There are 2 protein chains.
Amino acid sequence: MARSGKSRPAKKRTAKAAPRGVSFGRGPQTGKSAPAPSAREAKQAERREAILTAALAEFSAQGFTATRLDDVARRAGIAKGTIYLYFRDKESLFQELIRTRLSPIVGTIEALRDADVPVRALADQLVELFVREVFGTQRKDVIRLMIAEGPRFPKLAEFYYREVLSRIIAALRTLLKRAHERGEVGSDAVVRFPQLIAAPGLVAVVWSGLFDRFEPLDVRAMMKAHVDLLFTPGRAA
Amino acid sequence: MARSGKSRPAKKRTAKAAPRGVSFGRGPQTGKSAPAPSAREAKQAERREAILTAALAEFSAQGFTATRLDDVARRAGIAKGTIYLYFRDKESLFQELIRTRLSPIVGTIEALRDADVPVRALADQLVELFVREVFGTQRKDVIRLMIAEGPRFPKLAEFYYREVLSRIIAALRTLLKRAHERGEVGSDAVVRFPQLIAAPGLVAVVWSGLFDRFEPLDVRAMMKAHVDLLFTPGRAA
DNA sequence: ACATAATGACTGACTGGTCAGTCATTTATA
DNA sequence: TATAAATGACTGACCAGTCAGTCATTATGT
């Protein structure tokens, strides 16, 4: 098989002290951040984005350790050295990737929470949101990456929990509590364990990554079925 | 110790022809597989087991590529070379690991299916089975490994689908169909998507691996809550 | 029983290939 | 032209897999 792998915390390299070091994955060292000609900055942002997109493709296909930065570079249409103008090292690139791709979704869910519509309708919107904005995009891969590599990046897991999960869960809890009090959900199970709401989403992500070629899964239908389950009137808690 | 100094004897070694090669990850080459003194065989089985256990610990902490066989060997209390007496290469070791740790559970579930007891009681047993035999054991880690590395080992994913998942799903479907016909489940959602049954299990495995230190999850309670949800009488499908 | 030989499980130094990160040089931009 | 950006050849750490050599155990001979 060969390949080998390589990882190890990157040694020390006390040599140049901290030529880069401080700038945490921003653009190429911009000595002065004056208003500057946005022509350049735009191009830089574009490159940065290209690198992140290429990195996601490689990381999610190969995993963190097995991904070669040469491949990321080739996919992004640049040389390997260029990556180091935009990111401190491989690990920074990985972390930036997770950060930038996952955060945006949170706001949307919190907005949903504050909308004053029947919770059942909200749930349907949530399903659509998931299918369209997560399952239908790169975010699906980011989630699988998070599951796969999380144990080796405790800091990332913490960030993800703090910035994404806990906020989503809090929003869901508020939303579900309201629904339960109105009698719109038959059991308080999901109020106690909002994780149950997300469960089919997780199944969808994992299934699609591993088993879709053996048995395709109609994700939207499954999630709708799950919503039906939750909102079955029936006995009160 | 070896010493040797490596004299590069012009390779050759045509003598024993194929000393290893053919034996596919079985014990050290057993020239004759006569009834043999089981003392030795027992010891070999023990070593093999030790290697697998050590490998699971390392693989599930580091992932496949980042795991060093030197570390596996140290953890198993043997030399690296010994691993190659029991497994063809790193990948074989990994695959054997998944295979041997996951298969046993299937039979148990199929046995449950054939028992003739109220489906609700069965469901409770299923929860217990999961909490005790999966969540409480190494199998939890094997599942996470499968999710993390599956995309890079299509063969393994296929094996897992064929030997484990499809059978579990088939058993569940039978079981749930019966329950639905008896009116024991309020919706046919789970008959169409038995994956929904396993969803909280997946959540439990993933959550425990990544976020338990921030917010512990009472897995048994969550799964019981989920079962309650499923068996809400309420409206017929 | 005792000595001697054969076996094969086990070891670990070593090799060849890999790849993250560097930096002297080249190219683009202002 | 001067400065910043981009390049890619290069280096050194790293590790899967190998195999000559060791030695405890078992078999054979006297």
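Side-chain atoms are counted along with the backbone in the values below, which use heavy atoms only and exclude waters and symmetry mates. A note on names: the letters A, B, ... follow the listed sequences, proteins ahead of strands, and every chain is numbered from 1. Keep in mind it's a predicted model, so treat the numbers as computed, not measured.
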Fill in: A:Y86, nearest nucleotide to its side chain (from D:dA6, D:dT7, C:dA20)
D:dA6

Discussion item. Could you check whether A:E128 pairs with A:R220 (Lys NZ or Arg NE/NH1/NH2 to Asp/Glu carboxylate O, under 4.0 Å)?
Written reply: yes

Worksheet item: Which whole-number value in Å describes the distance from B:F87 CZ to D:dG17 P?
Response: 13 Å

Worksheet item: Looking at D:dT18, D:dT7, C:dC10, which one has an atom nearest to any side-chain atom of A:I78?
Response: D:dT7

Response to the item:
From CZ of B:R74 across to P of C:dC10 the rounded distance in Å is 19 Å

Worksheet item: For the pair made of CD in A:E91 and P in C:dA20, what is the distance, rounded to whole Å?
Response: 13 Å

Worksheet item: Is the base of D:dG17 touched by the side chain of B:K80 through a donor-acceptor pair closer than 3.5 angstrom?
Response: yes

Discussion item. Taking the ring centre of each residue, are A:F87 and A:F94 less than 6.0 Å apart?
Written reply: no

Discussion item. For D:dA5 and A:R47 - does any side-chain N or O of the residue sit under 4.0 Å from the phosphate oxygens OP1/OP2?
Written reply: no

Worksheet item: To the nearest Å, how far apart are A:Q44 CD and D:dA5 C1'?
Response: 8 Å

Worksheet item: Quick one: which of D:dG8, C:dA20, D:dA16 gets closest to the side chain of A:K90?
Response: C:dA20

Discussion item. Go nucleotide by nucleotide along DNA chain D from the 5' end; which of A:G77 and B:L69 gets its closest nucleotide reached first?
Written reply: A:G77

Worksheet item: With sequence neighbours left out, what residues match A:F159 under ring-ring contact (aromatic ring centres under 6.0 Å, His included)?
Response: none

Practice prompt. Output the single nucleotide from D:dG17, D:dA6, C:dG21 whose closest atom is nearest the side chain of B:Y84.
Written response: D:dG17

Item to complete: Please report, rounded to the nearest Å, how far the C1' atom of D:dA5 is from the CD atom of A:E46.
Response: 15 Å

Worksheet item: Who passes ring-ring contact (aromatic ring centres under 6.0 Å, His included) against B:F193, sequence neighbours left out?
Response: none

Discussion item. Can you measure B:Q62 atom CD to D:dC14 atom P for me and round it to whole angstrom units?
Written reply: 15 Å

Item to complete: Output the single nucleotide from C:dG21, D:dA5, D:dG17 whose closest atom is nearest the side chain of A:L85.
Response: D:dA5

Worksheet entry | Whole-Å distance separating the CD1 atom of B:I83 from the C1' atom of D:dC19 | 16 Å

Discussion item. Can you identify which nucleotide, out of D:dC15, D:dA6, D:dG8, has its nearest atom closest to the A:T82 side chain?
Written reply: D:dA6

Worksheet, complete the sentence: Atom CD of A:E58 and atom P of C:dA20 are separated, to the nearest Å, by 11 Å

Worksheet entry | Out of C:dT29, D:dC15, C:dC10, whichever nucleotide has its closest atom nearest the side chain of B:R68 | D:dC15

Item to complete: Return yes if some donor-acceptor pair links the side-chain N/O of A:T67 with the main-chain N/O of A:E58 below 3.5 Å, else return no.
Response: yes

